[in-house]
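Here is the structure we will look at, set down as structure tokens.
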Amino acid sequence: ELPDFYAVVNNAGYSQSGAVEEVTAAQARAQLDVNLVAPAIVSSCALPGMRRLGGGRIVMVSSVAGRAAVLPLNAWYHASKFGLEALSDVLRVEVASFGVAVSIVEPGFFKTGITGRAREMASRGAEHRDSKYALAYERMDGWIALIERFAPPASLVAFAIVSAVESRFPLRRYVVGLDALAAIAAIAVSVAAGNWQRGRMDQKLALRAQLEAAAELPPVALPRTDDWTAWRYRAVVATGTFDGARQILDWLGVWAGLP
């Protein structure tokens with residue numbers, strides 16, 4: 001029988017390093033058991049007491065690796081943290097009516113024991129010269145050593161955890177560390193750039209459709225080199241002027257280099 005906890009911090013975790021091809025099924029299951037399944041079980045055990053108290057706090061210590069999959073040889077660690085993020089978001093909705101708040105702490109790289117185990121695994125991988133990924137393991141070993149040397153202290157993460165527990169209105173996510181902020185900002189920028197590019201392409205396709213309709217010619221696929229004359233003609237028909245045709249086709253990116 002457990003006491004009635006007001007707050008639970010799910011902080012246990014480790015990084016199962018290794019190429020997807022070389023990580024065994026048992027190793028993958030162990031990674032998910034510790035980083036994903038265990039936080040769910042601990043939280044489930046604490047929830048009855050939180051309901052009796054009329055509220056509570058659940059803090060999931062995830063990682064920026066749960067927002068950005070950028071670390072080679074860490075696919076299963078990424079998978080466990082992405083899963084923890086999704087589980088936490090669903091759990092937050094399920095327990096909100098009980099007065100229980102669920103927060104996710106997303107640290108970057110800090111001086112903790114997790115890098116030591118990851119480096120040990122990378123070193124073992126580098127020793128297997130018959131591995132197709134030996135060079136990648138060797139580089140990862142050196143990269144982790146650099147992180148251990150310059151990473152900030154974990155006290156910053158502890159401060160975020162305390163804030164999530166003690167705050168009257170805790171945040172859904174606490175991003176901790178400049179590297180974590182930079183990684184998440186890069187994701188936002190890349191998504192915005194992708195949306196802008198897709199929007200621009202949609203505009204181009206719409207304008208091409210208008211040119212085809214104005215010229216009352218059968219639609220064609222993207223122009224080939226022998227289609228330039230037809231596209232110029234369609235633009236002239238649509239705009240009524242040669243200059244207008246050039247302006248449109250220049251915006252479409254198909255005028256440059258035309259005879």
Side-chain angles (χ1 to χ4, degrees), residues 1-16 27-71 74-114 117 152-185 187-188 191:
E1 187 70 22
L2 295 175
D4 293 346
F5 294 111
Y6 173 76
V8 167
V9 178
N10 289 294
N11 186 51
Y14 73 96
S15 175
Q16 174 60 61
Q27 290 172 326
R29 280 193 295 269
Q31 174 77 111
L32 297 177
D33 281 345
V34 173
N35 289 12
L36 177 58
V37 178
I41 294 175
V42 171
S43 301
S44 298
C45 292
L47 277 170
M50 292 181 181
R51 276 195 293 270
R52 285 191 290 268
L53 292 174
R57 298 288 184 269
I58 297 175
V59 180
M60 303 291 199
V61 180
S62 181
S63 167
V64 68
R67 298 281 294 276
V70 296
L71 299 176
N74 280 273
W76 284 107
Y77 181 69
H78 277 298
S80 69
K81 292 303 183 180
F82 268 81
L84 183 62
E85 298 264 342
L87 183 143
S88 302
D89 286 337
V90 173
L91 179 64
R92 182 185 302 112
V93 177
E94 293 176 348
V95 301
S97 62
F98 307 140
V100 178
V102 179
S103 296
I104 306 172
V105 178
E106 299 170 335
F109 290 105
F110 288 87
K111 289 184 177 178
T112 66
I114 194 169
R117 175 161 182 167
S155 57
L156 296 173
V157 182
F159 179 78
I161 294 173
V162 172
S163 297
V165 171
E166 296 184 347
S167 176
R168 184 178 178 185
F169 302 104
L171 301 176
R172 293 182 178 183
R173 281 174 169 79
Y174 292 81
V175 181
V176 190
L178 292 177
D179 55 339
L181 289 169
I184 293 174
I187 295 173
V191 170

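These numbers were taken from a predicted model, which means no experiment stands behind them. In what follows, every heavy atom counts, from backbone to side chain, and hydrogens, waters and symmetry copies are set aside.
- Pairing each heavy atom of Gly55 with each of Tyr6, the nearest pair is O-CD1, 3.8 Å.
- Going from atom CG of Leu71 over to atom OG of Ser63 covers 7.5 Å, rounded to the nearest 0.5 Å.
- Side-chain atoms of Ile58 and Met50, non-hydrogen and from C-beta on, do get closer than 4.5 Å to each other.
- Glu94 places a side-chain heavy atom less than 4.5 Å from the side chain of Leu91.
- Once rounded to the nearest 0.5 Å, the distance linking NZ of Lys81 with CG of Leu84 reads 5.5 Å.
- A pairwise comparison of heavy atoms in Gly83 and Leu36 identifies C-CD1, 3.5 Å as the closest pair.
- Of all heavy-atom pairs spanning Val102 and Ser88, the tightest one is CG1-O, 3.8 Å.
- Minimum heavy-atom separation, Val8 to Ala46: CG2-CB, 3.4 Å.
- Here the CZ atom belonging to Arg52 is positioned 10.5 Å from the CG atom belonging to Leu47, to the nearest 0.5 angstrom.
- What you find for Gly13 and Val34 is that their closest heavy atoms are CA-CG1, 4.0 Å.
- Rounding to the nearest 0.5 angstrom, the gap separating the CG atom in Asn10 from the OG atom in Ser62 is 11.0 Å.
- Gln31 places a side-chain N or O within 3.5 Å of a backbone atom of Tyr14 that can act as its donor or acceptor partner.
- The pair Arg67-Glu85 fails the salt-bridge criterion, with no side-chain N (NZ, NE, NH1 or NH2) lying under 4.0 Å from an Asp/Glu carboxylate O.
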Between Val175 and Val64, is a side-chain contact (heavy atoms from CB on, under 4.5 Å) present by the stated rule, with each step listed? CA-CA 8 Å; Val175 181; Val64 68; 6.0 Å; no
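- Side-chain contact check for Asp89 versus Ile104: some heavy-atom pair is nearer than 4.5 Å.
- Within the model, atoms CG of Leu87 and CE of Met60 stand 5.5 Å from one another, a figure rounded to the nearest 0.5 Å.
- Here CG of Asn35 is found 10.0 Å from CD of Gln16. Values are rounded to the nearest 0.5 Å.
- No donor-acceptor distance shorter than 3.5 angstrom exists from the side chain of Arg57 to the backbone of Ser103, with no hydrogens or angles considered.
- One N or O on the side chain of Ser80 and one on the backbone of Tyr77 form a donor-acceptor pair closer than 3.5 Å.
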